[in-house]
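Treat the numbers as computed from the prediction; the structure is a model and nothing was measured.
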Amino acid sequence: MKSLTTSPRTKRSRLGVPAAVATAALLLAVTACSPATSATSAVSPGGTGQDASVPALDVNQAAAQLLPESIKASKVLRVAIPTNEPPTQFYREGTQDMTGANPDVARLIGEALGVKVEIQVANFDSIIPGIAAGRYDMTVSSMTPTAERMKVLDFVDYMQMGSTVAAAKGNPLGLNEKSLCGKKVGVLTGSYQLTVDVPDFDKTCTDGGKDKIQTNEFQDTRQAISALTSGRLDAVLADSPILNFAATQNPQIEIAAKYGFAPVGVGMPKDSGLVKSVSAALNTVIKSDSYVKVLGKYGLESSAITDARVNFAQ
């Protein structure tokens, strides 16, 4: 679908998102016909807000009091997250239950706020339009806070990660992030690598009299890796945790280069008021042993942060 329209019935979400958000979302070039909501994983906190799928974390009552009235009433946070990208987000084997660092961080936020977390699976490029349309309250999807995205979303940092170039085993073309001119490269639709890195790389290519990168877009990194191993791509550009994990599981690929280590943030509707409660909750989360344990469970200890910054553009 080439455009995103908003009917009178959906001009404002239950968080009070202005109708202009839907129009502004077009600036991000992430429109899609519909989000892939094939599965929803609801987690119900107990009497003290505890969730058995992640380490225990007490409710931050002050943060909970800052929640928008609609969330206080529903006691539910609808969180959009992609899938098929271990270790950040994926289904437990043989189930439709979402696990990974991002779902677990979302659950810790829910615990800190004393609310249920409903994880709603969505293609990455459909998340921002989905938030604009009021289908989701927020996203925990390794989304980098960029100036363009911050036109329509508020962000709170929750961990950090870099980008990686994956190539065929042995890296026969000698690739790194500075030698992709003219190469066939797989990227996630709507990703930071596609929207920020590739344009920068292309400028360097054309300034040097070389061809631009031949980008091939995919809905999840697993598809891109399959194209790489079948010889249809020369390389894949994606978040480091995903490609690092893939390289340990697939002997046909290897990590050719790593670059750009920076924070990613929880995204939510701009000026909805939710950012106040989420930032307070995340300050509790990142100082807790539960946060360290969750990242450690997925081998992402080095991704921990100590400051949950609000609207800090990368």
Side-chain angles (χ1 to χ4, degrees), residues 1 4-7 9-26 28 30-44 67-85 88-89 91 96-98 100-110 113 115-145 149-156 158 188-191 219-220 264-279 281-282:
M1 190 167 75
L4 175 67
T5 57
T6 307
S7 69
R9 293 178 60 189
T10 58
K11 284 187 178 179
R12 298 184 70 87
S13 75
R14 64 191 182 93
L15 290 178
V17 182
V21 168
T23 301
L26 294 173
L28 307 183
V30 291
T31 55
C33 289
S34 64
T37 53
S38 59
T40 299
S41 178
V43 177
S44 303
L67 282 167
E69 292 302 319
S70 57
I71 302 295
K72 286 182 183 178
S74 69
K75 297 187 178 353
V76 173
L77 271 177
R78 302 165 300 167
V79 183
I81 302 180
T83 190
N84 296 327
E85 297 185 322
T88 53
Q89 55 246 342
Y91 291 124
Q96 291 293 295
D97 296 329
M98 281 285 285
N102 285 333
D104 279 5
V105 168
R107 289 163 181 145
L108 288 178
I109 293 170
L113 292 172
V115 297
K116 297 179 182 179
V117 169
E118 285 184 1
I119 294 172
Q120 301 191 7
V121 177
N123 290 334
F124 188 81
D125 64 328
S126 74
I127 289 175
I128 292 177
I131 290 175
R135 288 191 290 270
Y136 319 121
D137 299 314
M138 68 182 197
T139 183
V140 185
S141 54
S142 306
M143 189 176 284
T144 304
R149 287 169 177 164
M150 284 172 53
K151 290 177 181 178
V152 293
L153 297 183
D154 283 322
F155 285 94
V156 184
Y158 69 95
L188 183 71
T189 301
S191 67
Q219 286 297 340
D220 64 58
V264 294
V266 176
M268 61 214 83
K270 198 161 191 68
D271 301 324
S272 67
L274 185 58
V275 68
K276 296 177 182 177
S277 53
V278 170
S279 61
L282 269 169

Verdict with reasoning, Phe124 to Gln219, per side chain to side chain contact (heavy atoms under 4.5 Å, CB included): CA-CA 7 Å; Phe124 188 81; Gln219 286 297 340; 5.7 Å; no
Determine whether Leu282 and Ile109 satisfy the following criterion, side chain to side chain contact (heavy atoms under 4.5 Å, CB included), listing intermediate values before the conclusion. CA-CA 6 Å; Leu282 269 169; Ile109 293 170; 3.9 Å; yes
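Pro269 approaches Ser272 most closely through the heavy-atom pair O-OG, 3.0 Å. Here the closest heavy-atom approach between residue Val266 and residue Tyr158 is recorded as N-CD2, 3.4 Å. Annotation for Val140 and Ala106: closest pair CG2-CB, 3.9 Å, computed over non-hydrogen atoms.
Within 6.0 Å of NZ in Lys72 there are more than 12 heavy atoms belonging to other residues, nucleotides or ligands.
Thr189 has its side chain out of reach of Asn123: every pair of non-hydrogen atoms, C-beta onward, lies at least 4.5 Å apart. Two residues are said to be in side-chain contact when any heavy atoms from C-beta on lie closer than 4.5 Å; Pro82 and Ile127 meet this criterion. Side chains of Arg107 and Ile119 form a contact here, defined as non-hydrogen atoms less than 4.5 Å apart.
Note: Gln120 CD to Thr139 OG1 = 11.0 Å, rounded to the nearest 0.5 Å. Rounded to the nearest 0.5 Å, atoms CG (Leu77) and NZ (Lys116) are 12.5 Å apart. Between atom NZ of residue Lys270 and atom NZ of residue Lys151 there is a gap of 11.5 Å, rounded to the nearest 0.5 Å.
When atom types are taken as modelled, the side chain of Asp154 and the backbone of Asp271 share a donor-acceptor pair closer than 3.5 angstrom. Of the possible polar contacts, one joining the Arg78 side chain to the Gly134 backbone as a donor-acceptor pair under 3.5 Å is found.
When each of Met138, Met268, Met143 is paired with Phe155, the side chain to side chain contact (heavy atoms under 4.5 Å, CB included) condition holds for Met143 and for no other.
Side-chain contact, Ser142 with Asn102: a donor N or O sits under 3.5 Å from an acceptor N or O.
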